[in-house]
Structures are given as C-alpha cells and as structure tokens.
Amino acid sequence: MNGLFERKYIIQGIFIAVAVIITARLFYLQLIDRSYLLSANNNVLRKMVIYPARGVILDRNGQVLVQNEPVYDLLVVPREVKDIDTALLCELIGIDKAGFDKRMKAARDHSPYKASQFEKQIPATAYAKLQEHLYQFRGFYVQNRTVRSYPDSIAAQFLGYIQEVNDRDIERSNGFYRPGDYIGATGVESAYEELLRGQRGVKNVMVDAFNRPQGVFADGKYDTLAVAGEGLVSSLDRDLQILAEKLMKNKIGSVVAIEPATGEILTFVSSPSYDPNMMVGRERGNNYMKLLYDPYKPMFIRPIQAQYPPGSVFKVVSALTAQQAGVIDEHTVFHCPGGYRYGGGRAIMRCTHVDGSIPLVTAMQRSCNTYFGYTYARMIDHRKMPTAEAYGLWRDAVMKFGIGKDLGIDLPGEKSGLLPTADFYTKRYGNARWGSGYNISLSIGQGEMGITPLQMANIMAIVANRGFYYRPHLIKAIGEKRIVKPEFTEKIDAGVDARYYEPVIEGLSRAVNMPGGTGYSVRIADIEMCGKTGTAQNPHGEDHAVFFAFAPRDNPKIAIAVVVENAGYGGTWAGPIASMLIEKYLKDTVTLPKYIQDRIYNANLLPKVETKQPKETKKREKVEKPEDSVPAKPRKNELIVHHSVVTNRLRYE
C-alpha cells in the first residue's frame, strides 16, 4: 500500500515537472525569445520602400521640361516561389523562359531569403494586366516608383539623364544609395542630384500567404513618409529652345543665348541632339549604345566642350584690352593694303579686302585683319618690356573675358578652352626672344587659341553690359522658396573701363545695320542688333560659320553665339539662325524673308556618312580578343564619317 502511495506522488511530480518545463518554455518563446515573432512578422509583414518623386524641372515661364510618370519594379523572394505558371508570368511582363531562368538565378545568387529586382520599369499598361494575376505568383510582388518623362523631347544635353547606381556611387554616398536606386548621371540631373533626389520612405504592409494585401500594419505607426525632391526653375525659355533645335536640325554645332543682366542661359543647343525619352524605360541600354556609337556624337555637349578658333569674336576682346592698355584709342588709324606684313615683310596675314587707312570703328565693322595685327604687335612688341612679360600681361587681360578658364556653369564637363602661356612659345622656339610675328594668328582669334560657344556668348554678354558679366547658369531658382545660388549673383569685372566699349559697340552695330556690313542681310526691323559674322578656320574641311550678337543696343535683353560646323560663311548660315532667335525672343515673331527661313529649316549640312567594308584576313580573325569587342578602328559594316568629322571629333576629345 505504501508503495502505491509513493508511486502516486512520483507520477504527479513528473507531470508537474513537465508542466513547469512547458510553461517555462512557452514563457521564454513568447515573452523573451523574439526570433519566432520576427519570423512570423516576416511571413505576414512586408516592408515596402517608398521611392520619392524626383523634383520637377520647369522652364523660366513655368512650362514643364521634366516630370515623373509611374512605373513598377517586379521583385522576387526566391525561397517563396512555389508552383507558379511560368509561361503566364513571362507573357505578362514580356520575357521568354530563358530570361526568366536568368533572372531567377541572379535573384538566388543575391539571396534566397531577400527580395531582389526581377524586372525593372514595367509601364503602367503592362502592370494593369499583371496586377490581375499577381496573386497567382507566390514570392513575387510589385514595387512602385517613378521615372522621368520629357513632354517636349528637347534640351537633352542640358537636362541630362538618370541611371541606376553602381557600387562606386553607393560607396561615395556613404550608404545613402542602395542597389536599385537611381542617380543623376549627366546634365542638370547630375549637377543638382542632392536636391532633386528626395528622401526614401518605408511602408509596412500586411499580406497573406498568397501575396494579397491585408492592410497597413499598426495603422501606419511605424511607417516613414517619402520626401519628394526639390523642384527647379531653369533659365531656359522653352519656346526659344524648341525653335533653336528646329533651326539646327541636320547641322553640327551649338547655340547659346544668355540674358546679360543675370547670366541666365535662355537657349542651350548641342546639335545633333537626341530625344531624352530614349534614356528612360527598358530599352534604355540599347538606346544608349546607339547614341554612343552614333558617328555625329549626339551625347557630346558642344556648347561647353567643343573648342573652336574664335575668329572675329576675338577682335572684340583685342580692341577692348588694347584700349585699356593704352596702346590704341578710338581714333588710332592703321593703313590696310590688303594684309598685315610681319617677319621683316617676308610673311603676310591677308585681309579679305583693301581698307586703306581706317580707325577702330571701321576696322571693327569691316573685320580688318591688318588693323588687329598692328594692335597685337603694339601689345607684345612695343611696351618696353621682355616679350614673355608683355605676352603675360596680354594673356591676363584676355582671360578676364572668360577665355582660357572655366566659367563655372552649373553643368559637369565644362572645358576651359585653349590660351597658351608664354612658356609654351619659349619652349616651342627654343628661346625667349620671340615676338608678335611668331604667333600673329592669335591677333585674329586663330592659331593655338580655342574657345567654347558658351565663352563666345559670354563675351557678347560682357560687351552688352559694358564691362562685366554674371556667371552663366542653367538654374535660376530652387524649390518653393525660389532660392538663388549666391555664386550666380556675383558681378564679375572684365577689367576694361566702360568708356572703351562704345567704339566697339558702334562697329558691331554698323556691321549689322549699315549697307555693306557683313550681317546686313539678317538685320531686324525696329531692333538695333549689334553683332558680327565670323568664319572660324578649319584645316580639316569647310570652315565653321559663326555669328555672335546682342540686342537691343540699349538695355540689352539677349546675347547669343551660333556655331555651325563645316558650313562656310557665318552670314549665310549662323547669322540667320541668330537673327530669328533674337527676334522671336524680343518680339515673339520672325520677319526674316521666308526664302531665308526655308533655306535654314530645310538645309542638311551633316557631313556624308559612308559604309566601309575593309578586307578581313584569317590572321586578324585568329588574333582578335574579347577586349577588342569595342574596336578602336572601323570594322565591317561600321559607319565611317568623312575626314572633316573625324578630325573635329579628335580635337574635341
């Protein structure tokens, strides 16, 4: 009997011990150990990244240049993918079975347990069909985001484009960017990336085992809101930009127009251009390669990267700096017999005509090479100082006009142009005893000098302002508060007193508004435009046509530079383009004779492109390596550009 009693308590003790252990374990699992809670949450909660809308970019009048449109990324968690209709999914998102397998392998390699991108930028129309069937594809879900849209398809090089971040972008951002994020790659998108990008948010969504949303977790208590990027008001005039791009169609060159009173860029054309919408969507990669290998280089930003001999525009700078230095004045007369002789009379820099004895105003009007050859000689040879020192003073004065240095435009990739130092010539000629005759071509903006179209337009803005400029810029205001960067409100002095500008301006006015002037055919009724045609010499083909101007003469509103490569005379091609743009901006109309307008609109000045099929030997086929897949030399069926374009491209780069 006592044995049964003892066994009873032993059995009870065992049950009590088991109950205590189970209770303790449940207490631990439910209140102390949170791993199961987290596992459960991962099964029913999905943290959705909320991507902010990038800031919208407007023109100076409030017209939309860049906006956003919705797209959808399809994400996948590989370990959750079970029993799905692969063929249906491929059909809905427009891929084949091989594409499906490739994407799934990449997702598994990234992580079987974490979500990764399966298909990017599915447009709204395709997403509408996918959404109806999404519950059938366990392990797949959709992430909302936006991409850029360009309503007018203009100003591609000005606006730039965005692209997915790479490892280097992520590293440089100190963790701000994550794989799958987008970043401004070129243009304004790159220059103002930190303002445009905004701030990501997070939304916690409850879903069931079939990917069906079940509502927001905890009424959104743990969500964070996305913050949209700042909007930008650009300096660009949309209507003027559209007209300028039409006028430059089928031509290589640039148009830059500046408002002198502010430095705001009104028009920024790099031609040939491209539709910026090509850099958006799932065909972006293919389009990028087409543009990259286009023989006319549409992605090359000519207004700030192409460097041309300035030609006649430099005579403006020469006349102003020489007056400031006291070596000439408006009454100084030189005799032009049809050219400037130098080197003891053994060499000659010719003029296009015989001017006889002329003063500064007439020399500016007629673009007399002889006059400016004498002017340069006085600056270099007649200042009673060593040549290198005199040249250094001349160079410093020229650089104050923004030549040979960056202007500081708010766009990446600006080139400084070319303006050699005295040491360059000393090394070239082997001693320091060289004089003006050794580089006399600089006197008329030729030789080793090169400036960008932006610098040309800025020179005219300086003349329009009678001696100063504001740093040229593309964005005039930031955000709702319309903030203006302080560096764009700084008045920069060009180093020449205002009184010296009047004879130069008078000569520029006569060049356009008096019969016989080189720009007389493009004058504008009721507007006194001051400008000059130019022909920038090109040793590799037809000369480049140039026209630069500002208008009106008093209280100027616009300064402009137009360059049309390989077109010949400035008055024939560049002048009419500038005239039409100035009149459109000031009067909202164009009155230039219709036959001139039609000639400009319809002209195709692109150098001819031919296909070349060189013979390929068996030896070449054998030694070809994978790294040669982007050839340095043309191969079979590759487009070859005529000599003039090839050499220009090499000079640009």
ask   = Checking side-chain contact (heavy atoms from CB on, under 4.5 Å) for the pair Ile527/Leu586: CA distance, chi angles, key distance, verdict?
value = CA-CA 9 Å; Ile527 295 176; Leu586 296 179; 3.9 Å; yes
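- Listed for the Ser235 side chain is a donor-acceptor partner under 3.5 Å among the backbone atoms of His473.
- Legend: residues meeting side chain to side chain donor-acceptor pair (under 3.5 Å) with Tyr438, ordered by chain and number and at least two apart, are absent.
- Crowding of Lys485 atom NZ: a count of heavy atoms from other residues, nucleotides or ligands under 6.0 Å exceeding 12.
- Every residue was checked against the salt bridge (charged side-chain N to carboxylate O under 4.0 Å, His left out) condition with Arg395, not counting sequence neighbours, and none meets it.
- In this structure, the side chains of Asn458 and Ile462 come closer than 4.5 Å at one or more pairs of heavy atoms.
- For the residue pair Arg350 and Asn369, the shortest heavy atom distance occurs at O-ND2, 2.9 Å.
- In terms of heavy-atom proximity, Ala603 sits nearest to Trp573 at CB-CZ3, 3.4 Å.
- A donor-acceptor contact shorter than 3.5 Å links the side chain of Ser271 to the backbone of Met248.
- Of the residues listed (Gln365, His335, Arg366), the one engaging Asp355 in a side-chain hydrogen bond (donor to acceptor under 3.5 Å, both in side chains) is Arg366, and it is the only one.
- Counting heavy atoms from C-beta outward, Met364 and Leu508 have side chains that approach closer than 4.5 Å.
- Looking only at side-chain heavy atoms (C-beta outward), Tyr192 and Asp410 come within less than 4.5 Å of each other.
- In this structure a side-chain-to-backbone donor-acceptor pair under 3.5 Å is missing from Asp497 to Gln324.
- Residues Trp394 and Met449 approach most closely at CH2-CE, 4.1 Å, considering heavy atoms.
- Side-chain contact between Pro272 and Arg302: present, with at least one pair of heavy atoms (C-beta onward) separated by less than 4.5 Å.
- Taking a cutoff of 4.0 Å between a charged side-chain nitrogen and a carboxylate oxygen, Glu487 and Arg471 do not qualify as a salt bridge.
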Test log, rule side-chain contact (heavy atoms from CB on, under 4.5 Å), inputs Phe268 and Leu474 = CA-CA 9 Å; Phe268 188 91; Leu474 302 169; 4.2 Å; yes
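- Note: Gln157 CD to Leu411 CG = 10.0 Å, rounded to the nearest 0.5 Å.
- Using a distance-only test at 3.5 Å, with no hydrogens or angles considered, a donor-acceptor pair links the side chain of Asp329 to the main chain of His331.
- Side-chain contact between Met379 and Arg383 is present, with heavy atoms from C-beta onward closer than 4.5 Å.
- Under the 4.5 Å side-chain criterion, counting only non-hydrogen atoms from C-beta, Ile505 is in contact with Arg466.
- Side chain of Asn465 to main chain of Gly467: no donor-acceptor pair is present (N/O by atom type, distance under 3.5 Å, no hydrogens or angles).
- Although no hydrogens or angles enter the test, the distance criterion places a donor-acceptor pair under 3.5 Å between the side chain of Thr387 and the main chain of Trp434.
- Side-chain N or O atoms of Thr321 include one that pairs as donor or acceptor with a backbone N or O of Ser318 at under 3.5 Å.
- Atom OG of Ser270 is separated from atom CD1 of Ile252 by 10.0 Å, given to the nearest 0.5 angstrom.
- The neighbour count for Tyr288 OH, taken as heavy atoms of other residues, nucleotides or ligands under 6.0 Å away, does not exceed 12.
- Using a 4.5 Å heavy-atom cutoff, the side chains of Ile524 and Ser579 are in contact.
- Looking at Gln597, its side chain does come within 3.5 Å of a backbone N or O of Leu592 through a donor-acceptor pair.
- Evaluation of the side-chain contact (heavy atoms from CB on, under 4.5 Å) rule for Ser234 yields Ile57, Asp59, Leu65, Phe158, Leu236, Ile475 as partners, not counting sequence neighbours.
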ask   = Would Thr426 and Tyr391 satisfy side-chain contact (heavy atoms from CB on, under 4.5 Å), going step by step from the backbone distance to the final call?
value = CA-CA 11 Å; Thr426 297; Tyr391 180 86; over 6 Å; no
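- The salt bridge (charged side-chain N to carboxylate O under 4.0 Å, His left out) pairs that include a residue from residues 423-440 are Arg428-Glu448, where partners are two or more places apart or lie in different chains.
- Thr352 is linked by a side chain to side chain donor-acceptor pair (under 3.5 Å) to nothing, counting only residues two or more places apart in sequence or in another chain.
- Remark: the backbone N or O of Gly402 is paired with a side-chain donor or acceptor of Gln455 at under 3.5 angstrom.
- A donor-acceptor pair under 3.5 Å links the side-chain atoms of Glu414 to the main chain of Gly408, judged by distance alone.
- For the residue pair Gln241 and Val269, the shortest heavy atom distance occurs at NE2-CG2, 3.6 Å.
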task = Take Ser312 and Ser367, measure what side-chain hydrogen bond (donor to acceptor under 3.5 Å, both in side chains) needs, and give me the verdict at the end.
result = CA-CA 7 Å; Ser312 293; Ser367 194; 3.1 Å; yes
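- Atom NZ of Lys290 is surrounded by 12 or fewer heavy atoms from other residues, nucleotides or ligands within 6.0 Å.
- Atom CG in Leu240 sits 5.5 Å away from atom CD1 in Ile558 (nearest 0.5 Å).
- Residues meeting the salt bridge (charged side-chain N to carboxylate O under 4.0 Å, His left out) test with Arg599, sequence neighbours left out: none.
- Leu247 contributes atom CG, which lies 4.5 Å from atom CG of Leu243 (distance to the nearest 0.5 angstrom).
- Judged as a side-chain contact (heavy atoms from CB on, under 4.5 Å), and not counting sequence neighbours, Val354 has no contacts.
- The two atoms that bring Val522 and Gly575 nearest to each other are CG1-C, 3.7 Å, heavy atoms only.
- Counted within 6.0 Å of CG on Asn604, heavy atoms from surrounding residues, nucleotides or ligands total more than 12; the atom is thus considered enclosed.
- Scored by the salt bridge (charged side-chain N to carboxylate O under 4.0 Å, His left out) test, Glu528 finds Arg553 as partners (sequence neighbours excluded).
- Put simply, the side chain of Met299 does not reach to within 4.5 Å of the side chain of Thr186, judged on heavy atoms.
- Distance check: Tyr308 OH to Leu418 CG gives 13.0 Å after rounding to the nearest 0.5 Å.
- The ring pair (Phe, Tyr, Trp, His ring centres under 6.0 Å) analysis of residues 495-530, with sequence neighbours excluded, yields no pairs.
- If you take NZ on Lys251 and CG on Asn566, they are separated by 13.5 Å, rounding to the nearest 0.5 Å.
- Pairing each heavy atom of Ala457 with each of Ala559, the nearest pair is O-CB, 4.0 Å.
- For Thr370, the side-chain contact (heavy atoms from CB on, under 4.5 Å) test picks out Cys336, Pro337, Tyr340, Cys351, Cys368, Tyr374, with sequence neighbours left out.
- Applying the side-chain contact (heavy atoms from CB on, under 4.5 Å) rule to Thr262 yields the partners Glu259, Glu264; only residues at least two apart in sequence or on another chain are considered.
- Partners of Arg341 under the side chain to side chain donor-acceptor pair (under 3.5 Å) rule, at least two apart in sequence or in another chain, do not exist in this structure.
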